[in-house]
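One structure is given below, encoded as structure tokens.
None of the values given here were measured: they were computed from a predicted structure.
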Amino acid sequence: MSKATKRKHVVKEVLCDYVQPTENQRIVRVLGSPGNNLHEVQTSEGEKFLASMPTKFRKNIWIKRGDYLIVDPIAEGEKVRAEIAFILYKDHQRLLQKEGFWPSGFNEEKTELVNQPKQSHQKTEPKASEVEKGQTDESDTDSEDDSELFVNTNRVHYEDSDEETESDGEEN
């Protein structure tokens, strides 16, 4: 089987098949990748260990921090104690939650993230009572200054002056 055909079948299997974990399989979250096709994972109970990626997924499927996996345990493993059986995407996660296979420990973490207010990097508008009292930040007036904007050093910066544009208009 050619590499392209193999990749097509592996990607189709991961994206289209819906797998339910068996009694010995576990659902885990990826914490990071130390290298050599190993991934540090954490169970819903908080247990951390390494999981190996099988050869059929290597160079075909990418896993990033925060993804969820179904893993098969390896009995004789000391550091590497599981092998990745399936990669769970958002639609797989929703289906497993509806069917009741999703670990409750991961549900609590998601609700905590949803309940936390998102911190915005944008400046907030002052309240009407503060505007009336004149208690606005002085930094709001500085926001009109373009000196704090990001400057792309990969582009040549040309200085345009009003004198050049006026003199060009007079010559025509």
Please determine whether residues [X] and [Y] belong to a single hydrophobic cluster, defined as Ile, Leu, Val, Met, Phe, Trp and Tyr linked transitively by side-chain heavy-atom distances below 4.5 Å.
X     : Y     : answer
Leu50 : Ile63 : no
Tyr68 : Leu95 : no
Tyr89 : Val41 : yes
Ile61 : Val71 : yes
Leu69 : Leu31 : no

- Between the side chains of Gln20 and Glu99, is a donor N or O closer than 3.5 angstrom to an acceptor N or O? yes
Can you tell me how far apart [atom1] ([X]) and [atom2] ([Y]) are? Round to the nearest 0.5 Å.
X     : Y      : atom1 : atom2 : answer
Arg26 : Arg81  : CZ    : CZ    : 8.0 Å
Glu78 : Phe49  : CD    : CZ    : 15.0 Å
Ile27 : Phe106 : CD1   : CZ    : 7.5 Å

Where [X] and [Y] come nearest, the two heavy atoms and their spacing:
X     : Y     : answer
Gln25 : Asp72 : NE2-OD1, 2.7 Å
Phe86 : Glu13 : CE1-O, 3.7 Å
Pro34 : Glu40 : CD-N, 3.9 Å
Pro21 : Leu96 : CD-CD2, 4.0 Å

- Note, Met53 side chain near Leu38 side chain (heavy atom, < 4.5 Å): no
- Using a cut-off of 6.0 Å, state whether more than 12 heavy atoms not belonging to Asn36 lie near its atom CG. no
